[in-house]
Amino acid sequence: MPRFDLMRFGAALAIAGAVLGVPAWGAPARVVSLNVCTDQLAHLLAAPGQLISVSALAHDPRSSAYADALADIPANGGGAEEVVLLEPDLILAGTFTTRATVEMLEGLGHEVALFPPVTSLSQVTEHMARMGALLGREDAARNLIAAFEAGLDRTPPLPDGPRTLLYYPMGSTAGRGTLADALMEAAGLTNIAAEMGLSYGTLQLEQAVLAAPDLILTPAPYARPTRATDLPGHPALRAVAPLRRIEAGAAWSCETPALLQAIADLRALAEDAR
């Protein structure tokens, strides 16, 4: 009778798992996500059937760049009782996910992995690598990172890009230490809010005009008229620089390859404004 070789048996299982796409030994088989960003990143890296539940926002195209692909994965309401009944091996959450829920799940002995919001493109690849390790999908993570970095190389920053004001409703803006600023930098735009030393803040109309931007970017107005969106479209601003509407939604929010589309869109707007 041939001798049973445990090492060869283990290697064969690992190869079979890689071919079939199932979690490797020691990898969590039942993963629940409570955050729209971990929903999407886990979806991109998980083996078939490994991600069993996502947040309700995962199915909303305004919040999730992969809403269609995630439509068949059941959504949870984020309550601890509901999550426990799913019998997860791993729970994914954001650092701003309801603390009471996270603390209760941790107190019950569940493994909860917390992901902070990303504020730089280097953090994007760090989160991809971390998620791959948590799911036992390191090879998939390496491939995702390589594709993301290749995408960045294909869309280099625009040389001498315009000084740009990112102007949200009520005059709010995003500067240093924000993902929006990282996307603008990657596209070659100079962020006026970052020049001013702001992170998140508000610029009065007079400040915005005196900043003398070359380009003003603002989200599309709400479906119904509202004073919140009046300021970015003020005639005084329009007299200073061209105003361009942007879709600063799902593609701008999370550590996924959808960020590449946001960068490409920003670069195209900058080129058009020249």
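When a residue number appears, it is its place in the shown sequence, counting from 1.
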Heavy-atom donor-acceptor pair, H43 side chain to Y66 backbone, under 3.5 Å: no

D160 atom CG: more than 12 heavy-atom contacts under 6.0 Å: no

Note, L70 side chain near H59 side chain (heavy atom, < 4.5 Å): yes

Over 12 non-hydrogen atoms of neighbours within 6.0 angstrom of CZ in R62: no

Residue pair P213 / V240, side-chain heavy-atom distance below 4.5 Å: yes

For the student: nearest non-hydrogen atoms of F148 and P257, plus distance: CD1-CA, 4.0 Å

Spacing of CG belonging to L144 relative to CG belonging to L44, to within rounding of 0.5 Å: 6.0 Å

N191 (side chain) donor-acceptor with A174 (main chain) under 3.5 angstrom: yes

Side-chain H-bond candidate by donor/acceptor type, T38 with S33, under 3.5 Å: yes

Reported OG-to-CG distance for the pair S253 and L179, which is rounded to 0.5 angstrom: 8.0 Å

Smallest separation among heavy atoms of G132 and A141, with atom names: CA-CB, 3.8 Å

From CG (L260) to CD (E149), nearest 0.5 Å: 10.5 Å

Stepwise side-chain contact (heavy atoms from CB on, under 4.5 Å) test for D60 and V36: CA-CA 9 Å; D60 184 349; V36 68; over 6 Å; no

Ring geometry between F115 and H127 (parallel below 30°, tilted from 30 to 60°, perpendicular above 60°): perpendicular

L34 to G78 - nearest heavy-atom pair and separation: CD2-CA, 4.3 Å

Chi angles and distances behind the side-chain contact (heavy atoms from CB on, under 4.5 Å) call for L41, M128: CA-CA 7 Å; L41 189 51; M128 289 176 177; 3.9 Å; yes

Test item: S199 side-chain N/O and R176 main-chain N/O as donor-acceptor pair under 3.5 Å: yes

Heavy-atom side-chain proximity of L189 to L158 below 4.5 angstrom: no

Stepwise side-chain contact (heavy atoms from CB on, under 4.5 Å) test for L108 and M104: CA-CA 6 Å; L108 292 171; M104 182 174 288; 4.2 Å; yes

Single-linkage hydrophobic cluster V54~L134, side-chain heavy atoms < 4.5 angstrom: yes

Common cluster, L105/L92, ILVMFWY with side-chain heavy-atom separation under 4.5 Å: no

Check: L152 main-chain N/O paired with T155 side-chain donor or acceptor under 3.5 Å: no

Atom pair CZ (R30) and CG (L51), whose distance is rounded to the nearest 0.5 Å: 11.0 Å

R163 bridged to E195 by N-O distance under 4.0 Å: yes

Gap between atom OG1 of T125 and atom CD of E255 - 0.5 Å precision: 10.5 Å

Whether R244 side chain and L217 backbone form a donor-acceptor pair below 3.5 Å: no

4.5 Å side-chain heavy-atom contact, P88 and H110: yes

Cationic N near anionic O, under 4.0 Å, R267 to E271: yes

E106 atom CD, neighbour heavy-atom count above 12 within 6.0 Å: yes

Within-4.5 Å side-chain heavy-atom neighbours: S172 and Y200: no

same_hphob_cluster(I145, V124) at 4.5 Å side-chain heavy-atom cutoff: yes

Criterion side-chain contact (heavy atoms from CB on, under 4.5 Å) on I192 and L165, from CA distance to verdict: CA-CA 5 Å; I192 286 176; L165 174 63; 4.2 Å; yes

Closest non-hydrogen atom pair, L57 against S63: CD2-OG, 3.8 Å

Note, P74 side chain near I52 side chain (heavy atom, < 4.5 Å): no

Note, L237 side chain near L243 side chain (heavy atom, < 4.5 Å): no

Verify same cluster id: V32, I73 (apolar side-chain graph, 4.5 Å): no

Path from L259 to I246 over hydrophobic side-chain contacts below 4.5 Å: yes

pair M184-L266: side-chain heavy atoms closer than 4.5 Å: yes

Heavy-atom pair of closest approach, residues R130 and A113: NH2-CB, 3.9 Å

Option from I91, T97, T95 for which side chain to side chain contact (heavy atoms under 4.5 Å, CB included) with V102 holds: T97

Pairing residues for Q261 by the side-chain contact (heavy atoms from CB on, under 4.5 Å) criterion, not counting sequence neighbours: A264, D265

N35-S55 side chain donor-acceptor pair, cut-off 3.5 Å: no

Donor-acceptor contact below 3.5 Å, side chain T98 vs main chain T101: no

Closest approach of A250 to A65 (non-hydrogen atoms, all atoms of both residues): CB-N, 3.5 Å

Backbone N/O of A46 and side chain of Q50: donor-acceptor pair under 3.5 Å: no

Interatomic distance, L135 atom CG to L90 atom CG [nearest 0.5 angstrom]: 6.5 Å

